[in-house]
Engineer: 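Questions regarding the structure given below will be posed in turn.
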Amino acid sequence: MNTTRLIFSTNRVSDVERCFLDTLKELYPEKEIRSFFLMLCEAFLGWDKVAYLLHRSETINQSDLLRFHWALDDLKRHRPIQHIIGHTDFCGCRIDVNEKVLIPRPETEEMVEYLAATANRSATNVLDLCTGSGCIAIALKKLLPGSNVVAVDISADALRIAQANAEKNCTGVEFVLGDVLQGAPLPISSDGWNLIVSNPPYITLSEKGSMYRNVLDYEPQLALFVPDNDPLLFYRKITAFAQQNLSPDGLLAMEINERFGQETLQMLRDYGFTGELHKDFRGKDRFITAVLSSR
Ligand code: GLN
């Protein structure tokens, strides 16, 4: 317990926060440190923002103080805050994460919100490829309660987390172990899928140099990277599968690397699709929706 006292001058929450701000100021912007601290107060003390404002001058017990101590240590090592608290919010669903799955991103939330807002609400059959934490499948099932949602991933570890996430969010999503690149075994829907959605790996290995340690050191390479010489690897496989397995009025939606919007549109045309690019909140090309041109 002495080490804890060494780091924090007192047990007062405001002093603990001051120590976070001082210790981490070279590593993160102040606003981000404050937001980490609030997330930790919520996770460790059960405080929302109002409780924090009311109680920040109070002291906390030694075991809670120790948790802040370890969290500070983790943040110094660039460990993602979502790993420290064990979960993140995605479209209003609580999604547990660890190093086996990609942490859901706000860009992906935007794609899901768009799909839920534009989907045909009746009897939607949805297939999510490369599901990871299950966030897309779970949020779509929540937003489109009448839908039948199946989700695939190559990683059994990821599927375990996805399954637990679906149960915690009370959503009945069916999970299947499958390899998109091998094309098998990918689930078939007898009437065709109304929506095939995916956030596959899309960062080229040469982009590693410009990435942050919180991603590189803690998130699964399997979910992130594709070879430089074939950045659309997953997209071609998914598009070829969609060409055969979408319902006639079905929609294909894929999150993309902002660098390859035009190439992805062209590839979709080669497979008989008409695609549309959508920008994210940063103004970058972030996802594509496509329908079969002949429909
Ligand atoms: N958007 C993620 C990132 O920036 C990458 C997601 C992916 O490769 N599918 O780290």
Side-chain angles (χ1 to χ4, degrees), residues 28 32 78-84 87-91 95 97-115 127-140 151-155 157-159 161-162 165 178-181 195-239 241-242 252-261 263-265 267-268 275 277-290:
Y28 307 93
E32 197 168 2
H78 301 267
R79 188 170 182 219
I81 188 75
Q82 296 89 343
H83 286 181
I84 298 173
H87 58 87
T88 191
D89 181 82
F90 185 85
C91 294
I95 301 292
V97 290
N98 65 17
E99 299 190 4
K100 302 292 184 189
V101 296
L102 201 71
I103 298 168
R105 307 284 204 264
E107 294 88 324
T108 312
E109 273 184 314
E110 288 185 326
M111 174 171 74
V112 168
E113 280 158 8
Y114 172 89
L115 294 174
L127 178 65
D128 174 24
L129 299 173
C130 310
T131 194
S133 66
C135 62
I136 294 177
I138 293 164
L140 281 174
V152 175
D153 204 276
I154 194 174
S155 157
D157 287 332
L159 284 184
I161 296 165
N165 278 328
D179 183 345
V180 166
L181 295 184
L195 171 63
I196 296 179
V197 59
S198 184
N199 175 19
Y202 61 64
I203 302 180
T204 55
L205 284 165
S206 59
E207 289 174 270
K208 260 191 177 181
S210 58
M211 291 170 71
Y212 291 111
R213 280 184 56 191
N214 61 330
V215 178
L216 285 177
D217 294 354
Y218 294 92
E219 296 205 75
Q221 309 256 324
L222 184 67
L224 286 169
F225 294 112
V226 284
D228 286 301
N229 63 5
D230 197 3
L232 300 189
L233 180 64
F234 283 86
Y235 295 83
R236 276 199 316 279
K237 296 284 181 186
I238 293 167
T239 304
F241 177 81
L252 171 62
M254 299 180 284
E255 187 172 316
I256 60 159
N257 184 325
E258 75 236 32
R259 293 167 58 215
F260 303 118
E263 284 93 328
T264 313
L265 278 180
M267 181 277 295
L268 282 161
L277 277 173
H278 303 259
K279 291 195 188 300
D280 65 20
F281 62 99
R282 297 189 177 93
K284 297 186 171 164
D285 288 338
R286 186 56 64 207
F287 72 95
I288 222 158
T289 50

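Each ligand, and each atom within it, is numbered from 1 in the order the structure gives.
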Engineer: Going by heavy atoms in the side chains, are V197 and M111 under 4.5 Å from each other?
Structural biologist: yes
Engineer: With the threshold set at 4.0 Å, does a side-chain nitrogen-carboxylate oxygen contact exist between E107 and K284?
Structural biologist: no
Engineer: So, taking the atom named CG in L224 and the one named CD in E219, what distance separates them when rounded to the nearest 0.5 Å?
Structural biologist: 6.0 Å
Engineer: For ligand 1, list the protein residues that place a heavy atom within a distance below 4.0 Å of one of its atoms, sorted by chain and number.
Structural biologist: L102, R105, N199, P200, P201, Y202, I203, A223, L224, E255
Engineer: Give a yes or no on whether the backbone of L129 and the side-chain of S198 come within a donor-acceptor separation of less than 3.5 Å.
Structural biologist: yes
Engineer: What class does the angle between the rings of Y218 and H83 fall in, given that below 30° is parallel, 30 to 60° is tilted and above 60° is perpendicular?
Structural biologist: perpendicular
Engineer: Before we go on, tell me: are the rings of Y235 and F260 under 6.0 Å apart, centre to centre?
Structural biologist: no
